[in-house]
Structure formats: C-alpha cells, structure tokens
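We name chains A, B, ... by the order of the sequence lines, and we start the count at 1 in each one.
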There are 2 protein chains.
Amino acid sequence: MTDAVEPPKARRPNTRLEEVARAAGVSKSTVSRVINGEPYVSSKAREAVHQAITRLGYSPNQAARTLAGSRANCIALVVSEQGSRVLADPFFAGVLRGVNAELAGKRVQLVLMMSKEGDEQDLVNYLCGGHVDGVLVISLHGQDPLPRTLADAGLPTVVGGRPLGAGGVPYVDADNFNGAMEAARYLVSLGRKRIGTIAGPRDMAVGMDRLSGWKRGLSQARMETDLVAYGDFTPESGAAAMADLLGRAPDLDAVFVAADIMALGALQTLHAHGKRVPHDVAVVGFDDLMIASTAVPPLTTVRQDVEQLGRTMTWRLMAELAGEENLPPFLLLPTAMVTRASA
Amino acid sequence: MTDAVEPPKARRPNTRLEEVARAAGVSKSTVSRVINGEPYVSSKAREAVHQAITRLGYSPNQAARTLAGSRANCIALVVSEQGSRVLADPFFAGVLRGVNAELAGKRVQLVLMMSKEGDEQDLVNYLCGGHVDGVLVISLHGQDPLPRTLADAGLPTVVGGRPLGAGGVPYVDADNFNGAMEAARYLVSLGRKRIGTIAGPRDMAVGMDRLSGWKRGLSQARMETDLVAYGDFTPESGAAAMADLLGRAPDLDAVFVAADIMALGALQTLHAHGKRVPHDVAVVGFDDLMIASTAVPPLTTVRQDVEQLGRTMTWRLMAELAGEENLPPFLLLPTAMVTRASA
DNA sequence: CTGAAAGCGCTTACAG
DNA sequence: CTGAAAGCGCTTACAG
C-alpha cells in the first residue's frame with residue numbers, strides 16, 4: 001500500500017460569532033446587533049466588532065440567522081418553465097441582471113426556481129414554508145394562479161409583466177400599451193396606409209397590451225385594425241404570421257411586430273416574397289434586442305429596459321419587506337422608439 | 001378612528017417535524033430518517049410518515065436542516081458579471097435550464113451569485129462559509145483565480161467552459177476544438193481557397209480553442225492560417241472584424257466566425273460590401289442560436305448544446321457531493337455541424 | 001448601551 | 001429498527 005488512506009475530511013469549523021465576540025471583547029448580543037445594523041451600540045463597540053470581523057474574515061452562518069430570526073434573508077425568483085422558452089432568453093437574463101444589481105450590497109440571497117408543469121404544489125409548499133421572505137415571479141402564462149396563491153398565503157410577491165390571473169398582486173411591467181401605440185402612430189406618420197400587426201400569444205398580457213396599443217394608435221388615425229396575425233415569440237411563428245398577413249392583404253405596406261425575435265422571421269418572409277424593407281413594407285419591432293441592430297435591414301423597434309424591470313421588481317419587493325407603506329400597486333416603465341432602417 | 005390597528009402579523013407557525021411525528025405515531029428521529037431516505041426504517045413506519053407528511057403538507061425547514069446537519073442542501077451558480085455580458089444571454093439561460101433540469105426532484109436549491117469586480121473576497125467568504133455544498137462557475141475571464149481558490153478551500157467546484165487559470169479544477173466544456181476543426185474542413189471541402197476566421201477574445205478558452213481548431217483544420221489541408229481577426233462576441237465586433245479581414249484579403253472566399261452573434265455582424269458587413277453569401281463568401285458560425293436560422297441567409301453553424309452543458313456540470317458536481325470516486329477531471333460535449341444556406 | 005439565557009427546527013451519535 | 005437528548009450558530013426578549 002503506497003497510498004495513504006484519505007483522512008476523514010476535517011471540515012474546519014468556520015469562524016463563529018462567538019469568536020468575533022471574544023476578539024472584540026464584547027458579548028455575542030453586541031456582535032449580533034452590529035451585524036444587523038441596530039442603533040443602540042456604542043461607536044467604540046461597533047468599531048471593535050467591525051475590526052474583528054474583517055480580521056477573522058467572518059461570514060455569518062445564514063442558516064442559523066434564518067432559524068433564529070424570523071426572516072430567511074433570501075428571496076426567490078420563480079420562472080415558469082413554459083414561459084421561459086417563450087419569453088426567450090434575453091428577457092430572462094436581463095431581468096436577472098437587474099435583480100442582482102438591486103440586491104448588491106444587501107445581505108439577501110437569490111434562489112432560482114423554475115416551476116414545472118405538475119409540481120406547483122411542491123413549489124407553493126416550499127415558498128410558503130418560510131424559506132424565503134418574498135418572491136419575484138416572471139414569465140407567467142395565461143391565468144396562472146401562482147401569484148394569487150402566494151399573496152394569499154401572506155408571502156410578499158411581485159410579478160414581472162402584468163399577470164392576467166392575479167388581480168391585486170403588485171406588478172411591474174414595461175408600458176407595452178403606449179410603446180405599441182407610439183409604434184403605430186409612427187407608421188401612420190410615415191404615410192403608410194395599410195398597417196398590420198403580428199401579435200404575441202393571446203394568453204399573455206404582454207401580447208394583448210401591445211395589440212391594444214397598436215389598435216388604439218390606428219383607430220385614432222381612423223384606420224382599419226383588421227390585419228392581425230398571431231405568433232408565439234419565435235422567429236418561425238413570425239415568418240408564418242407574416243406570410244398569412246401578406247396573403248390576406250397584398251397591399252400591406254407596414255407591419256408592427258410585437259417582438260424583435262418574431263420580426264426577424266417576418267423580415268425573412270418579406271425577403272422571400274420580394275418585398276423591399278422599408279420601401280414596400282415598413283417594419284417596426286418591440287424589445288430592442290442586441291440583434292435588432294444587425295438585422296437586414298437594421299430594425300426600427302420599441303425599446304424596453306428589461307434590466308430596469310428586474311431592478312424595479314426587486315426594489316418594490318424589498319421596500320415591502322422593509323415595511324414601507326403606501327407602495328404603488330403596480331409600476332409601468334417607459335419605452336422608447338429606436339429608429340433604424342426598417343421603418 | 002375607522003381603521004382598526006393592523007394586528008401584529010401572527011406568523012402562523014408552519015407544520016414542524018414534531019407534528020408529523022405525532023401524527024404518524026413515531027419519534028422525530030424516525031421522521032428525519034424517512035425524510036432523508038435512510039435505510040433502517042420499517043416499511044410500516046415509513047408509510048405512516050409519508051402519509052402524515054402529505055396530509056399536513058409538511059415542508060422541512062431548510063435552515064434547520066442546514067444548521068443541524070453538515071450540508072446546506074444548496075449549490076451556487078456563480079456568473080462573472082463581466083463574462084455574462086460577453087458570453088451573452090442565450091448561453092446563460094441555456095445553462096440555467098440545464099442546471100434546473102438536472103436538479104429537478106433533488107431537494108437541492110440553486111442560489112445565483114454574480115461576481116462583480118471588487119467583491120471577490122466577499123464572494124469567497126460567503127461560498128466558503130458553509131452556505132453551499134458546491135459551486136458551479138461559468139463565464140470566466142482570463143486567469144480568474146476564483147475556481148482555484150474555491151477548490152483549494154475544499155469546496156467542490158465545477159467550471160463551465162475550460163478555465164484558463166485553474167488547472168486541476170474539474171470542468172465541462174463543448175468540444176470547441178473539434179467543432180471548429182470540422183467547420184474549417186467543411187469550408188475546405190466546399191473548395192474554398194482563402195479562408196479567414198473571426199475569433200473570440202484572446203483571454204477566453206472558448207475563443208482560443210475555436211481558433212486552434214480552425215487552424216488545425218486548415219493546416220491539415222496545407223492552407224494558410226494567417227487570416228485571423230478578433231472580436232468580443234458582439235455583433236458590432238463581428239462587423240468590424242469582417243471589414244478588417246476584407247481589407248487584408250480582398251480574395252477571401254470563406255470565413256469561420258467563432259460565434260453566431262458575431263456572424264450576424266459579419267453578414268451585415270459582407271452585405272454592405274456587395275459580397276454575396278455564400279456565392280462570394282461562405283460563412284460558418286458557432287453555437288446555433290435560435291436566430292441563426294433566420295439570419296439572411298440562414299446561417300450554417302456548429303451547434304453546441306448549452307442546456308446539456310448545464311446538466312452535465314450539475315451531474316458532475318452532484319456526483320462528487322454524493323462521494324462518487326474516480327470521476328472524470330473534465331468532460332467534453334460533442335458539437336454538430338448544422339448546414340443551412342450560408343455555406 | 002450591554003450581557004446571560006432561551007429557543008429557532010432540525011440531525012446525529014448513542015443507547016437500546 | 002427506534003427513541004431521548006445534545007447541539008448546530010445565530011437572534012431576541014428580558015433584565016440591568
């Protein structure tokens with residue numbers, strides 16, 4: 001035997017609060033108070049504790065804090081798996097960046113959970129089990145009762161994107177209605193006469209709100225709002241919807257596509273049909289994804305700031321956890337037209 | 001005063017293990033054993049406990065489990081913020097889906113942490129503080145010492161994408177070298193004579209490995225490997241690199257672009273220069289993003305399965321946590337050419 | 001402003 | 001196969 005037997009990994013115990021207390025010459029209570037930023041601590045004691053913490057590289061045991069205290073110091077971001085494929089990756093990643101940015105410096109962890117078809121009960125049990133202080137929910141579909149369930153259980157909850165089936169639960173959303181209306185007005189201002197739209201899925205508010213905005217924009221100009229085709233936020237569905245629209249209205253000269261990712265498919269169809277963009281058909285998208293600027297031609301679109309969405313959701317949730325009152329029931333973030341070559 | 005004073009939120013205590021024990025007519029120890037799937041429990045007791053758990057909707061308090069036991073039942077996914085912008089969103093979202101898929105059914109939570117410039121020490125303190133059982137690290141840049149630091153601290157760590165500065169730390173990666181070599185060979189087989197490449201950043205293994213693969217593919221055909229331009233995984237950098245290449249070699253008739261997102265920019269430049277794709281210049285990308293198929297023309301590319309990457313990383317980490325031995329030090333996932341119109 | 005003590009809800013030897 | 005008891009590392013009244 002040349003190999004020594006692996007010694008039983010002596011899991012070196014971490015620095016504990018007690019050691020910090022000893023090093024600082026105070027009691028555990030005082031250290032705890034300093035860590036939690038409580039007011040009644042002498043600056044001398046506070047100073048000593050801070051130094052000891054730094055010197056020892058102390059990091060409080062979260063499990064113990066959670067168990068002893070009443071909060072988990074942890075919030076959950078719940079993503080519906082179904083929705084995550086549809087709403088697509090840039091949305092998800094952007095929101096996440098925003099959430100993290102807002103959480104920076106706060107001692108709050110983010111746990112990520114994907115809700116899968118069929119395990120809703122497990123999810124609700126877990127979330128309501130005191131493991132998290134609050135929940136952020138995104139990419140909801142249809143009348144998903146999840147936010148209502150969580151809110152009813154007394155768990156602070158904020159939804160990203162207006163929830164269709166959860167009246168009363170606070171949410172943050174881009175101002176999809178006005179963004180789409182502005183896009184429609186822009187196309188009208190360009191002198192376009194036959195304007196269609198490729199809308200998002202009927203069971204998501206983001207789809208319906210953008211459709212409503214487009215309708216309003218056209219109605220105000222006394223134009224027809226009959227040219228509607230639906231897609232599901234994939235390039236392929238955008239291509240198919242565009243073909244549908246072209247078949248129904250050969251004289252179509254503009255289209256508002258409710259998502260850049262579908263607009264890419266629409267551009268492909270227009271190209272295949274020999275339609276020049278924007279000469280024959282003007283195209284406006286929505287989202288302003290990174291790839292919008294490299295579409296052929298570069299896509300005119302309505303920008304929404306998804307990172308800001310994540311930040312705002314988190315801010316709203318943390319404010320509620322902090323006990324602030326009279327918080328707004330919902331928040332709408334502004335959108336902005338970005339004019340490029342396609343319209 | 002018409003409003004009643006808000007009653008102090010009577011935080012309804014959750015079902016506890018003790019109540020389950022009482023309902024099942026056994027001791028707390030036995031309930032704990034059942035929950036943790038330990039072997040020495042009579043099937044009768046096991047059955048009673050399971051029923052009680054279901055009936056009471058019991059969800060164990062993770063904080064208590066963590067504190068009492070030695071594991072956190074939690075792993076971290078660490079994303080370098082800098083890297084996350086570069087590697088782009090689809091990568092991140094795909095990996096995350098894979099991680100979640102692999103974690104499904106296991107009672108292990110995923111906490112997400114973004115490492116920001118300057119807070120590395122906090123991050124290391126936290127991770128090594130016993131709050132997580134293991135760490136998944138992605139989108140590393142340069143010689144980032146993080147994985148080495150974590151591994152040295154005895155924390156099981158798996159890196160996604162070959163780490164440049166962490167020899168010895170287990171990693172999972174797409175087989176970038178062979179994928180790129182295959183792309184180069186494919187262009188050669190098409191009869192192309194002057195083949196360039198737009199490579200990724202020099203400080204990321206993914207950039208270097210794809211570049212090496214391309215070089216090898218051309219060398220084997222005794223072709224020049226001088227036409228290299230560098231980008232940073234943005235469409236804009238791809239556009240600029242393409243212009244550079246065209247300036248250096250007007251006779252260029254093919255280009256391997258190390259990422260689809262850069263290929264979009266390259267296509268735009270080629271278009272602007274009046275080059276027809278693939279007639280004048282054949283283009284092959286890498287990744288097979290959703291948008292590759294709606295590029296104009298649809299992009300021939302090398303597919304990597306990022307979701308599989310996430311699953312494999314997680315599997316590798318969980319296997320180590322389970323105490324399995326003789327695990328592979330690294331794992332390379334196969335790539336596959338996807339032929340479309342651009343080459 | 002400070003400290004001693006109880007308790008959060010589990011897991012884990014230990015004894016049987 | 002099972003149970004009584006100690007202990008994980010904090011926070012929080014309570015008393016001073």
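Between B:Tyr58 and C:dC10 there is a side-chain N or O to OP1 or OP2 distance below 4.0 Å. Between B:Ser27 and D:dG3 there is a side-chain N or O to OP1 or OP2 distance below 4.0 Å. Residue A:Ser32 places at least one side-chain N or O closer than 4.0 Å to OP1 or OP2 of D:dT11. Side-chain N/O atoms of B:Asn36 include one lying less than 4.0 angstrom from OP1 or OP2 on C:dT11. Taking 4.0 angstrom as the limit, A:Thr30 places a side-chain polar atom (N or O) nearer than this to OP1 or OP2 of C:dG3.
Rounding to whole angstrom units, CZ of residue B:Arg65 and C1' of D:dC10 are separated by 20 Å. The distance between atom CD of A:Glu19 and atom P of D:dC8, rounded to the nearest whole Å, is 12 Å. Nucleotide D:dC8 holds its C1' atom 10 Å from the CZ atom of A:Arg16, rounded to whole Å. Between the CD1 atom of A:Ile35 and the P atom of D:dC10 there is a distance of 7 Å, given to the nearest Å. The interatomic distance linking A:Leu56 (CG) with D:dG9 (P) rounds to 15 Å, in whole Å. As rounded to whole Å, 11 Å separates atom P of C:dG9 from atom CG of B:Leu17. In this structure, A:Leu67 places its CG atom 4 Å from C1' of C:dC8, rounding to the nearest Å. In this structure, CD of B:Glu18 is placed 11 Å from C1' of C:dC10, rounded to the nearest angstrom.
A salt bridge links B:Arg16 to B:Glu19: at least one charged side-chain nitrogen sits closer than 4.0 Å to a carboxylate oxygen.
Nearest to the side-chain atoms of A:Ala64 among the listed nucleotides C:dT11, D:dG9, D:dA4 stands D:dG9. Which of D:dT12, C:dT2, D:dG9 sits closest to the side chain of A:Ala45 comes down to C:dT2. Side-chain proximity of A:Ala68 to the nucleotides D:dC10, D:dG3, C:dC10 is greatest for D:dC10. For A:Arg33, the listed nucleotide lying nearest its side chain is D:dA13; candidates were D:dA13, D:dC8, D:dC10. In this structure, of D:dC1, D:dT11, C:dT11, it is D:dC1 that holds the atom nearest to the side chain of B:Tyr40. The B:Ser29 side chain lies nearest to D:dG3 when the options are C:dG9, D:dG3, D:dC10. For B:Glu38, the listed nucleotide lying nearest its side chain is C:dT12; candidates were C:dT12, C:dA5, D:dG9. Listed candidates were D:dT11, C:dT2, C:dT11. Nearest to the side chain of B:Lys28 is C:dT11.
Using a 4.0 Å heavy-atom cutoff across all strands shown, B:Ser42 reaches sugar-phosphate atoms only and no base atom.
D:dA13 makes up no base pair with any nucleotide shown, lacking Watson-Crick or G-U wobble contacts both under 3.5 Å.
From B:Leu146, atom CG reaches atom CG of B:Leu127 across 7.0 Å, with rounding to the nearest 0.5 Å. Atom CE of A:Met114 and atom CG of B:Asn100 lie 4.5 Å apart (nearest 0.5 Å).
Remark: the backbone N or O of A:Leu155 is paired with a side-chain donor or acceptor of A:Thr157 at under 3.5 angstrom.
Side-chain contact annotation: A:Thr312 with A:Gln308, donor-acceptor N/O pair under 3.5 Å present.
D:dG16 and D:dT12 are spaced 16 Å apart, taking the C1' atom of each and rounding to whole Å.
Contact of the B:Ile138 side chain with the B:Phe92 side chain is registered, since non-hydrogen atoms from C-beta on lie closer than 4.5 Å.
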